[in-house]
Number of protein chains: 2
Amino acid sequence: MGVTLKELAASLNLSPTTVSRALNGYPEVNAKTRKRVRDAADRANYHPNTRARSLATGRTHAIGHVIPLSDSHEIVNPVFADFIAGAGETYSRAGYEMVLSMVPDADEEQAYRNMIARGAVDGMIVHGPKLNDPRIAMLTQLGVPFVVHGRSSGVDAPYSWLDINNNRSFRRATEFLLQLGHRRIALVNGLEHMDFAMRRRTGYVQALTEAGVAPDPALMRQAEMTEVFGHRAATDLMRLPDPPTAFLSSSMLVAYGLRRALVDQGVRLGRDVSVITHDDDLSYLPNGGDVPLFTATQSSVREAGRKAAEMLLKTIHTPQHPPLTCLMETTLIVGESTGAAIR
Amino acid sequence: MGVTLKELAASLNLSPTTVSRALNGYPEVNAKTRKRVRDAADRANYHPNTRARSLATGRTHAIGHVIPLSDSHEIVNPVFADFIAGAGETYSRAGYEMVLSMVPDADEEQAYRNMIARGAVDGMIVHGPKLNDPRIAMLTQLGVPFVVHGRSSGVDAPYSWLDINNNRSFRRATEFLLQLGHRRIALVNGLEHMDFAMRRRTGYVQALTEAGVAPDPALMRQAEMTEVFGHRAATDLMRLPDPPTAFLSSSMLVAYGLRRALVDQGVRLGRDVSVITHDDDLSYLPNGGDVPLFTATQSSVREAGRKAAEMLLKTIHTPQHPPLTCLMETTLIVGESTGAAIR
DNA sequence: CCGGTTATCCAAAGCGTTTTGGAAGGTTGA
DNA sequence: TCAACCTTCCAAAACGCTTTGGATAACCGG
């Protein structure tokens, strides 16, 4: 523990009041005194105790994140690391701290409730929204500022969110493959009770339908997005009597798995079979070096974290403001994993 | 914000003192009253305000983590997500919360200082120790309980740490390859100013030397551990006049890159060239399904997180206790990526 | 019936801040 | 010169909890 305000004040022969005001930039303190106080504070490495301050002000200067662990295998989705890194940048610049809670899906609601009831945070980020996500109504009802990373289809009441245009993104990717002559296009998706995965499938189905291609359920897979899942999916799908000539993947890791399976089977990527993947632009999973490995719909999840945090801080500072929303478009980057369909 | 203790007490016609004691399990309160209080608290969803509580008790019931972002590319190492998930399990079980700060390498020391000076945490976890890491002396001097995930060669004074036996792990892996007849063994390592990477190289060099094989600097690479780095390293190394017949990799992602490069060159994994990788057992990066993809030195970083958190809580609760240490061995899992050297 | 326990409760202080409501002294304007 | 300001500071209350040090009443043994 460090110096306290009282001690600092005593050492300066000033009252705590004056020292507090001097440091917080209030006008009613002499310029000379202010400087004297600031210098002494620096010298003593004084930082106001956050607990005491938040008790006095009623604001915690902290944001809560509840990261869900997929109940099945307690998998923590790797996008969280980068999203949080982005949000963390914003927080530290604004003098906020981040408090994190990682809990199994089942305990999630309680985790939000607790953080709030204990007065631990000024606002929250909602991660991984599902269809009709109950957390949104809950937080609205509790009156806590929050921003959802993603959206929740089925929730009508307005709320603040930041999302990428998953539908459009996968629609365009599908159209791109269709233009290359592909007709048998597989979708290797995340779990479709997750909102983002559902929207991606919708976009994919829409593009197919508009092009007069009947969506084939046999070509759609969904699971936790791991490399192994990608491998299994591609292996299975290539065994079909009428196998796909192109794959749409929901994550880089899945795409790795797809590639491994395809290569195992002696299929040339970008020649015999095409692959487009979504790329969250994770810092440790770059899509190739100079030339992109995969053709990809790309959007930086880190940037999303930065922006979502900014939105949240804004709603905290102007509580009466109506909900903020932000829809980010992805960019379609052409790499070496796509080519014309062989006929 | 929720109900306050005073309100709850008033609604029960009791003093705040009694309500507090009833809820905190002190003996000097009638069993009947206690039940009445507990019930009312549940009904009102009362949770004590953490800020107020920690102000009163002097303990925050919070642990600080400072996650470094590699200064070059601001990469956040994916192992952190799983480590933190593990630590988080322990924390929530013990009623602690986790406060996170993600900062560029350069600002790291200040981030620790701030958290402590502001009285935001009861203890800290030190991530990613480098050789002769200054944070250890700093925290020791500040008198804050902490546990290092890893160790720091060059720091003599005792401190609490939890580490895997990197040296032994890579020594064994190297010996394994030597026994298979490999002599040209490449090391594709993390950045060697990181303690773990340095220890791995030492283990590797020791095994080679003991076997009478001269370590060849041309066969050692180090960088941020991404897939792309693995690909580049393998591509380069295979171009050598006397290319390696085996690779040692420091992470799963690097191994993915190695495999891609090798496959690109038409080399068969486990036949023409062998690969052993370290596997942190990340939840979203499983080493294959039923049968392991890679021969690997495996150790769950999530389990490490759980244990490190437990150690930290222990040192917090018994401050006079001497430093705790824990050295975890890895297990060598044989997969399909290794085989006898071709002669 | 009475001193001494024991069981049960409470008033008040304190944790480290911010903030409200002055107070003292100096300055200004007529 | 004197009321009416500023300017600059401070004492004390408040935030929501825990904890110290009683207080009250009931109970007990002799």
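Every chain is numbered from 1 and lettered A, B, ... according to where its sequence line falls, protein lines coming before strand lines. The model shown is predicted, which means the values in this text are computed figures rather than measured ones.
- Spacing between atom CG of A/L5 and atom P of D/dC15 amounts to 19 Å, rounded to whole angstrom units.
- You'll find the ring centres of A/H149 and A/F80 outside the 6.0 Å limit.
- Checking D/dA11, D/dT18, C/dT18 against the side-chain heavy atoms of A/T57 singles out C/dT18 as nearest.
- At C/dT19, one or more side-chain N or O atoms of A/Y26 fall inside 4.0 Å of OP1 or OP2 (strictly under the cut-off).
- Residues B/A52 and A/P27 each lie close to DNA chain D; by heavy-atom proximity, the contact nearer the 5' end of the strand is made by A/P27.
- Atom CG in A/N13 sits about 12 Å away from atom P in D/dA11, given to the nearest Å.
- Between A/S15 and D/dC10 there is a side-chain N or O to OP1 or OP2 distance below 4.0 Å.
- Across C/dC15, D/dC15, D/dC9, the shortest atom-to-atom separation from the side chain of B/K6 is found for D/dC15.
- A/R36 places its CZ atom 13 Å from the C1' atom of D/dT8, with the value rounded to the nearest Å.
- Distance, B/E28 CD to C/dT8 P: 10 Å, rounded to whole Å.
- Using the six-membered ring where Trp is involved, A/H61 and A/Y96 have ring planes that are parallel, under 30° apart on the 30 and 60° scheme.
- The side chain of A/T4 approaches C/dG16 more closely than any other nucleotide in the set D/dC9, D/dC15, C/dG16.
- When each of B/K35, B/R43, B/R36 is paired with B/D39, the side chain to side chain donor-acceptor pair (under 3.5 Å) condition holds for B/K35 and for no other.
- Atom pair B/L23:CG and D/dT19:C1' shows a separation of 15 Å (rounding to whole Å applied).
- For A/L55 and D/dC15, the CG to C1' distance is 4 Å, given to the nearest whole Å.
- Two residues, B/N49 and B/R21, neighbour DNA chain D, and the one matched to the more 5' nucleotide by heavy-atom proximity is B/N49.
- Contacts of B/S54 with the nucleic acid, taken as non-hydrogen atoms under 4.0 Å apart, are absent.
- When the side-chain nitrogen and oxygen atoms of B/S20 are compared with OP1 and OP2 of D/dT18, one or more of them lie within a distance under 4.0 Å.
- Rounded to an integer number of Å, the gap from B/R59 CZ to D/dT19 C1' is 15 Å.
- Put simply, CZ on A/R51 is 13 Å from C1' on C/dC15, counting in whole angstrom units.
- With D/dC10, D/dT19, D/dC9 as the choices, the nucleotide that has an atom nearest any side-chain atom of A/T17 turns out to be D/dC10.
- Between B/N30 and C/dA7 there is no side-chain polar atom (N or O) within less than 4.0 angstrom of OP1 or OP2.
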I would like to know whether A/S152 and A/D195 meet side-chain hydrogen bond (donor to acceptor under 3.5 Å, both in side chains); could you show each step before the answer?
CA-CA 6 Å; A/S152 178; A/D195 192 79; 5.1 Å; no
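- Using bins of under 30°, 30° to 60° and over 60° for the plane-to-plane angle, the ring pair A/Y159/A/F146 lands in the parallel bin.
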